[in-house]
Amino acid sequence: MSIELSEQELVRRENLKKAIDAGINPYPAELFEVNCSAKEIHSNYQTDKIGYKNISIAGRLMRQRIMGKASFAELQDSTGKIQLYINRDDLCPGEDKFLYNDFFKKILDIGDIIGVKGYVFTTQVGEISIHVTEIKLLAKTLRNLPMPVEDAEGKVHDAFTDTEQRYRQRYVDLIVNPQVKKAFIQRTQLTNSMRHFLNEKGYLEVETPILQSLYGGAAARPFKTHHNTLDQTLYLRIANELYLKRLIVGGFDGVYEFAKDFRNEGMSRFHNPEFTQMELYVAYKDYNWMMDMVEEMVEKIATDLHDKTEVQVGENLINFERPWKRYTMFEAIQHFTGIDIAALDEAGLREAAKKIGVPVDETMGKAKIIDEIFGEKCEPKLIQPTFITDYPVEMSPLAKKHRTHEGLVERFECICNGKEICNAYSELNDPIDQRKRFEDQLELGKRGDEEAMMLDEDFLRAIEYGMPPTAGLGIGIDRLTMIMTNSNSIQDVLFFPQMRPEKKEKVASNDEYVALGVPEVWIAAVIKSGYKTIELLKAANPNKLHQEIAGFRKKNKIETALPTLDEVKAWMVV
RNA sequence: GAUUCCGUAGCUCAGCUGGUAGAGCAUUUCACUUUUAAUGAAGGGGUCCUGGGUUCAAAUCCCAGCGGGAUCACCA
């Protein structure tokens with residue numbers, strides 16, 4: 001391996017070697033007993049000073065301020081930061097000052113994981129700190145962390161902000177950007193809160209297949225894969241709806257699943273190819289009941305996370321306090337555009353859409369035009385959580401026909417901060433109607449709609465056995481988390497958002513260069529000059545390479561005699 | 001997929017109408033026993049994303065590619 005290391009990385013490897021030479025294991029196997037955390041000390045020390053006379057804590061060394069015979073340092077554990085005070089003569093009471101002068105001051109680098117023992121005290125400037133009596137290296141770091149610094153006003157300088165690097169190296173992002181960590185903790189609190197709410201109601205958390213031979217339950221293009229033993233095409237699920245409904249047929253009254261779903265579609269700040277949805281199905285309920293439940297659940301989540309129902313999201317203060325505004329889709333359109341679409345036929349709708357500047361074309365049917373108008377003119381204006389109910393039947397092949405309105409289904413979405421966060425129906429349980437709706441989808445598929453649903457015979461067979469009237473819900477966990485954590489992008493609520501693979505640079509190994517007769521000392525020079533693979537080296541201009549090696553030799557003050565031009569030429573002909 | 005902006009030291013960034021690179025933090029050496037963006041002094045560190053082109057001369061201008069951001073399209 002010929003990896004080029006930066007000067008700073010070389011320094012760290014040098015320090016690693018110094019530790020080993022001094023008999024210090026840089027990666028010890030035995031556990032380091034920890035008896036408190038940074039957060040715990042900060043919150044309890046003032047009221048319980050004697051409780052922190054003998055503490056043991058571990059974490060990452062984040063800052064060193066060395067001031068002669070005494071030093072301050074910052075230790076960061078999973079709960080936060082705490083200052084360390086290290087006094088040479090307290091750390092090394094005897095004659096031997098190695099631990100302070102060499103180990104602490106030189107061998108330790110920022111980012112190293114250490115364990116310390118000592119007692120808590122308050123410095124003259126009033127900062128709660130640990131007076132260190134013992135210090136131990138637990139893991140040596142070989143790379144240097146970005147070093148954001150917070151000034152007296154709380155302003156952060158030199159923050160690690162490059163989004164690409166933050167997403168690719170999330171571990172670094174998490175170490176140096178505390179607000180990032182906070183958002184992810186809140187994400188888990190959100191799912192915990194939701195899970196707790198659902199369990200309290202007696203619903204059963206279940207798991208259903210991710211690999212499916214037929215994908216269904218939503219309109220989306222899937223990821224396709226192959227099972228070797230069965231020699232069969234499988235799809236990563238785009239939704240789990242049809243499996244959960246089978247369980248309702250099977251006699252469960254309430255089932256839910258936090259499901260990773262996969263959709264082979266565009267990426268944006270609201271879309272990642274894999275994302276999480278919580279789907280819930282409850283028997284003997286309808287969509288009106290489900291609206292009440294969603295309100296209650298989301299209000300509870302907001303208060304669990306923020307101790308109040310209001311959440312600041314960008315410029316908007318969103319209030320999840322019940323009850324939420326409810327509009328039928330037609331009412332919403334009338335409200336925001338002044339047009340009563342109930343009275344219009346397809347031609348009239350198209351005309352109306354054009355008049356208010358919503359682009360439509362001849363291929364769009366009535367439902368599609370309504371959807372366009374809503375998406376364009378209403379959705380972005382709905383900031384406070386709002387239920388939109390009663391959608392055109394054509395766009396909802398799994399929803400039950402509306403009890404009173406012909407051409408509509410019993411469906412609602414909740415729109416919040418201008419985006420859909422959930423989607424729910426009174427589930428279609430009429431097997432004859434369901435078969436017909438699937439067949440309509442097949443027609444769409446034949447006409448080239450890649451997102452049309454497939455006909456799932458087994459699902460039809462299941463509901464032919466009878467599915468109780470059921471209310472179903474799908475709620476986007478990523479989207480809800482974005483709102484609850486005031487995140488601007490889905491990538492900020494996914495630990496590892498999808499990205500193009502990193503370009504890996506091919507570099508030939510030392511052995512490969514040696515095989516060509518390149519002496520060990522000059523390999524670095526050859527690589528540094530850009531001939532990172534054997535192919536590149538063989539194609540090189542020997543005069544140029546010879547010059548470059550000479551330059552490298554001078555710069556790095558290498559004693560070894562420069563290879564002759566003929567020697568350099570010889571490397572290329574082997 | 002389209003449009004647009006961006007890519008310079010480990011990190012954050014400057015670098016004008018072309019003249020082969022700068023700052024702060026980090027890092028190295030030295031001083032300093034209660035600091036906290038510690039301080040003072042002195043150093044080191046660069047494939048200016050990659051490849052072409054124009055030019056006496058390219059980080060800078062042009063073209064192509066790679067990677068990323070934003071907006072749009074797609075995602076009922």
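Below, read A as the first sequence line, B as the second, and so on, with proteins coming before strands; counting in each chain starts at 1.
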S.K.: Please report the distance, rounded to the nearest Å, between CD in A:Gln83 and C1' in B:U33.
M.R.: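 Taking CD of A:Gln83 and C1' of B:U33, I get 14 Å after rounding.
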
S.K.: Return whichever of A:Arg411 or A:Asn87 has its heavy-atom-nearest nucleotide of RNA chain B closer to the 5' end.
M.R.: A:Asn87

S.K.: I'd like the C1' distance from B:A58 over to B:C49, given in whole Å.
M.R.: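 Each nucleotide's C1' atom is 16 Å from the other's.
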
S.K.: Using both distances under 3.5 Å as the test, list the Watson-Crick or G-U wobble partner of B:A64, or none.
M.R.: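 Because both required distances fall under 3.5 Å, B:A64 counts as paired with B:U50.
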
S.K.: Calculate the interatomic distance between A:Met67 atom CE and B:U33 atom P; express it in whole Å.
M.R.: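 Atom CE in A:Met67 sits about 8 Å away from atom P in B:U33.
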
S.K.: Answer yes or no: does a side-chain N or O of A:Arg65 lie under 4.0 Å from OP1 or OP2 of B:U36?
M.R.: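 Checking B:U36 against A:Arg65, no side-chain N or O comes under 4.0 Å of OP1 or OP2.
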
S.K.: So which one's nearest nucleotide on RNA chain B is more toward 5', A:Ser129 or A:Thr163?
M.R.: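 Per heavy-atom nearest nucleotide, the more 5' residue is A:Ser129.
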
S.K.: Whole-Å distance between B:C11 P and A:Ile175 CD1?
M.R.: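 My rounded result for the distance is 14 Å.
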
S.K.: On a whole-Å scale, what distance lies between the C1' atoms belonging to B:A64 and B:U28?
M.R.: 42 Å

S.K.: Using the P atom as the reference point in each nucleotide, state the distance between B:G7 and B:C62 in Å, no decimals.
M.R.: 13 Å

S.K.: Considering only atom C1', compute the distance from B:A59 to B:U50 and round it to an integer number of Å.
M.R.: 14 Å

S.K.: Going through the distances and angles, do A:Lys401 and A:Asp433 end up as a salt bridge (charged side-chain N to carboxylate O under 4.0 Å, His left out)?
M.R.: CA-CA 9 Å; A:Lys401 279 183 178 148; A:Asp433 189 5; 3.7 Å; yes

S.K.: Is there a Watson-Crick or G-U wobble partner for B:U39 with both distances under 3.5 Å, and which nucleotide is it?
M.R.: B:A31

S.K.: Would you please indicate if the ring centroids of A:Tyr391 and A:Phe412 are separated by under 6.0 Å?
M.R.: no

S.K.: Base, sugar-phosphate, or nothing: which does A:Ala159 touch, judged by heavy atoms less than 4.0 Å apart?
M.R.: sugar-phosphate

S.K.: For B:C66, does either OP1 or OP2 sit under 4.0 Å from a side-chain N or O belonging to A:Arg500?
M.R.: no

S.K.: Can you find a side-chain donor-acceptor pair between A:Asp478 and A:Asn272 that sits under 3.5 Å?
M.R.: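 Side chains of A:Asp478 and A:Asn272: no pair found under 3.5 Å.
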
S.K.: Would the number of heavy atoms belonging to other residues, nucleotides or ligands and lying under 6.0 Å from CZ of A:Arg65 be above 12?
M.R.: yes

S.K.: B:G68 P sits how many Å from A:Glu164 CD, rounded?
M.R.: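 Those two atoms, CD and P, are 6 Å apart.
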
S.K.: Please measure how far the P atom in B:G19 lies from the corresponding atom in B:C61, and state the result in whole Å.
M.R.: 11 Å

S.K.: For RNA chain B, which residues in residues 491-499 of chain A have a heavy atom at a distance below 4.0 Å?
M.R.: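 Per residue number, the list reads A:Gln491, A:Met499.
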
S.K.: Which pairs, protein N/O on one side and nucleotides 22-25 of chain B N/O on the other, fall under 3.5 Å?
M.R.:
from, atom 1, to, atom 2, distance (Å)
B:G24, N2, A:Asp158, OD1, 2.8
B:G24, N2, A:Asp158, OD2, 3.1

S.K.: Nearest to the side chain of A:Arg221 - B:C74, B:U27, B:G69?
M.R.: B:C74

S.K.: In whole Å, what is the span from the CZ atom of A:Arg12 to the P atom of B:G45?
M.R.: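 It is 19 Å, rounded to the nearest whole Å.
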
S.K.: Provide the Watson-Crick or G-U wobble partner of B:A2, both distances under 3.5 Å; none if there is no partner.
M.R.: B:U71

S.K.: Do we see a donor-acceptor contact under 3.5 Å between the side chains of A:Tyr85 and A:His131?
M.R.: no

S.K.: Respond yes when some side-chain nitrogen or oxygen of A:Gln165 is under 4.0 Å from OP1 or OP2 of B:C11, and no when none is.
M.R.: yes

S.K.: Let's test this: given Watson-Crick or G-U wobble pairing with both distances under 3.5 Å, identify the partner of B:G44.
M.R.: none

S.K.: Just the rounded figure in Å: distance from C1' of B:U33 to NZ of A:Lys69.
M.R.: 7 Å

S.K.: Output the single nucleotide from B:G45, B:U35, B:U28 whose closest atom is nearest the side chain of A:Glu127.
M.R.: B:U35

S.K.: If you look at every strand shown and take non-hydrogen atoms under 4.0 Å, does A:Met329 touch a base, only sugar-phosphate, or nothing?
M.R.: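 Since no nucleic acid heavy atom lies under 4.0 Å of A:Met329, the category is nothing.
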
S.K.: Report yes if some heavy atom in the side chain of A:Asn177 is under 4.5 Å from a heavy atom in the side chain of A:Gln179; otherwise report no.
M.R.: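 SC-SC contact between A:Asn177 and A:Gln179 confirmed.
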
S.K.: Output the rounded distance in Å from CZ (A:Arg143) to P (B:C11).
M.R.: 11 Å

S.K.: Atom CG of A:Asp162 to atom P of B:G68: distance rounded to whole Å?
M.R.: 11 Å

S.K.: Please determine, for B:C25, whether a Watson-Crick or G-U wobble partner exists with both distances under 3.5 Å, and give it or none.
M.R.: B:G10

S.K.: For atom C1', what is the distance between B:C48 and B:A14, given to the nearest Å?
M.R.: 13 Å

S.K.: Respond yes when some side-chain nitrogen or oxygen of A:Thr161 is under 4.0 Å from OP1 or OP2 of B:U12, and no when none is.
M.R.: yes

S.K.: State whether a side-chain donor-acceptor pair under 3.5 Å links A:Arg88 with A:Asn101.
M.R.: no

S.K.: When rounded to the nearest Å, what value does the distance between C1' atoms of B:A26 and B:A38 take?
M.R.: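 Approximately 15 Å lies between the C1' atom of B:A26 and that of B:A38.
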
S.K.: Who pairs with A:Asp173 by salt bridge (charged side-chain N to carboxylate O under 4.0 Å, His left out), at least two apart in sequence or on another chain?
M.R.: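 Counting only residues at least two positions away or on another chain, A:Asp173 forms a salt bridge (charged side-chain N to carboxylate O under 4.0 Å, His left out) with A:Arg166, A:Arg170.
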
S.K.: Taking only the side-chain nitrogens and oxygens of A:Arg168, find out if one of them lies under 4.0 Å from OP1 or OP2 of B:G68.
M.R.: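 Looking at the OP1 and OP2 atoms of B:G68, one of them is under 4.0 Å from a side-chain N or O of A:Arg168.
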
S.K.: Provide the distance between the two C1' atoms, one in B:G68 and one in B:C30, to the nearest whole Å.
M.R.: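 Comparing C1' positions in B:G68 and B:C30 gives a spacing of 42 Å.
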
S.K.: OP1 or OP2 of B:G69 versus the side-chain N and O atoms of A:Arg269: is any pair under 4.0 Å?
M.R.: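 No.
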
S.K.: Between A:Arg411 and A:Asn423, is any pair of side-chain heavy atoms under 4.5 Å apart?
M.R.: yes

S.K.: Using modelled atom types and a 3.5 Å cut-off, is there a donor and acceptor pairing between side-chain atoms of A:Ser426 and backbone atoms of A:Tyr287?
M.R.: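 Between the backbone of A:Tyr287 and the side chain of A:Ser426 there is a qualifying donor-acceptor contact (under 3.5 Å).
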
S.K.: Donor-acceptor pair, distance only, cut-off 3.5 Å: does the side chain of A:Lys354 make one with the backbone of A:Pro359?
M.R.: no

S.K.: Looking at the base of B:G44, is there any donor atom on it, or on the side chain of A:Glu7, that sits under 3.5 Å from an acceptor on the other one?
M.R.: yes

